[in-house]
Amino acid sequence: MSGLMITFEGGDGSGKSTQIALLATRLRSLGHDVRTFREPGGVAPGDPGERIREILLDPVHTELGVRAELLLYEAARAQLVAAHYLPGLAEGAIVLCDRYADSSVAYQGYGRAVLPVEEVHELNRIATGGLTPDLTLLLDVDPAHGLAQATAEGADRLEQAGAAFHERVRAGYLLMAEAEPERVKVVPRGPVDAVAAAVWSHVEPLLGRMERE
Ligand code: TYD
């Protein structure tokens with residue numbers, strides 16, 4: 001595989017989408033083929049991933065059980081891996097993902113605190129075939145701040161899950177960063193430019209590696 005897979009993780013309202021857009025622009029200006037995705041989701045309105053997203057985020061689905069929730073995230077992910085991530089990487093593209101498998105570990109595993117975290121890892125392996133990002137940027141924010149940002153326009157189903165849930169999500173993410181320090185880099189909250197500079201400091205060395213391959 002000749003491309004590069006970079007995922008962004010963090011709590012709701014951590015500014016991932018802004019940082020992904022800035023990084024994509026910077027990489028494209030250097031001539032890279034950059035493809036961006038967000039999970040849960042698809043690539044066009046009405047495709048299976050987008051329809052799964054609607055189910056997952058709709059606050060009306062209060063009865064959705066944790067295992068069903070997890071499997072829906074995994075189904076949307078499996079489709080993106082097969083149809084977009086693997087082909088993109090094979091073509092030498094830089095694949096940028098707004099959330100990936102670590103989100104399921106953080107939210108359905110640590111956040112919901114019902115299923116063993118190992119079960120979430122197992123389902124991630126099944127959905128992704130073991131595809132692991134080259135780099136994961138964890139944009140770490142205090143949930144009190146992040147949620148205020150994220151819910152300014154009305155809370156979705158996950159954002160309504162409560163403060164203790166979002167504290168567990170954050171703690172789970174930090175544990176993952178500790179467990180895999182080579183892959184997962186923690187980027188603290190700060191002004192947009194400072195966060196972008198920190199992101200770039202982690203991405204740039206990988207580009208050098210790509211060129212040598
Ligand atoms: P979204 O509006 O895309 O939020 P954000 O901008 O914070 O990414 O909604 C995605 C929501 O789904 C978010 O609350 C995190 C949650 N989520 C999971 O619980 N598990 C997962 O595996 C993924 C990918 C997302």
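We count ligands from 1, going down the list as the structure has it; atoms in each ligand are counted the same way. The figures here come from the full heavy-atom set of this structure, side chains too, leaving out hydrogens, waters and symmetry mates.
- Gln19 contributes a side-chain N or O that, together with a main-chain N or O of Ala196, makes up a donor-acceptor pair within less than 3.5 Å.
- Within the 4.5 Å cutoff, the side chain of Val117 has heavy atoms near those of the His121 side chain.
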Which is it for Arg189 and His145 under the side-chain hydrogen bond (donor to acceptor under 3.5 Å, both in side chains) test, yes or no, and what are the steps along the way? CA-CA 10 Å; Arg189 190 166 88 82; His145 174 87; 3.1 Å; yes
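- Nearest to atom 11 (C) of ligand 1 among the protein's heavy atoms is Leu57 CD2, 3.8 Å.
- Taking only nitrogen or oxygen atoms, main chain and side chain alike, Glu39 does not reach within less than 3.5 Å of ligand 1.
- Within the 3.5 Å criterion, the main-chain N or O of Leu70 finds no donor-acceptor partner in the side chain of Gln108.
- Around CZ of Arg183, the count of heavy atoms belonging to other residues, nucleotides or ligands within 6.0 Å exceeds 12.
- Of all the listed residues (Tyr107, Tyr100, Tyr73), Tyr73 holds the heavy atom that lies closest to atom 25 (C) of ligand 1.
- Ser103 places no side-chain N or O within 3.5 Å of a backbone atom of Arg99 that could act as its donor or acceptor partner.
- Between Arg77 and ligand 1 there is a heavy-atom distance shorter than 4.0 Å.
- With hydrogens left out, the protein atom closest to atom 10 (C) of ligand 1 is Pro40 CD, 3.9 Å, a heavy atom.
- At the shortest separation from atom 13 (C) of ligand 1 among protein heavy atoms lies Asp12 OD2, 3.5 Å.
- Atom CD1 in Ile55 sits 8.5 Å away from atom CG in Leu64 (nearest 0.5 Å).
- Ligand 1 is approached by Gln108 to a heavy-atom distance shorter than 4.0 Å.
- If you take CD on Glu9 and CD on Glu39, they are separated by 8.5 Å, rounding to the nearest 0.5 Å.
- If you look at Leu56 next to ligand 1, there are no close heavy atoms at all, none under 4.0 Å.
- Heavy-atom proximity to Ser104, at under 4.0 Å, picks out these atoms of ligand 1: 21 (C), 22 (O).
- In this structure, atom 2 (O) of ligand 1 lies nearest to the protein heavy atom Arg53 NH2, 3.2 Å.
- Scanning Arg99, Lys16, His166 for the heavy atom closest to atom 6 (O) of ligand 1 points to Lys16.
- Residue Glu159 has no N or O atom closer than 3.5 Å to an N or O atom of ligand 1.
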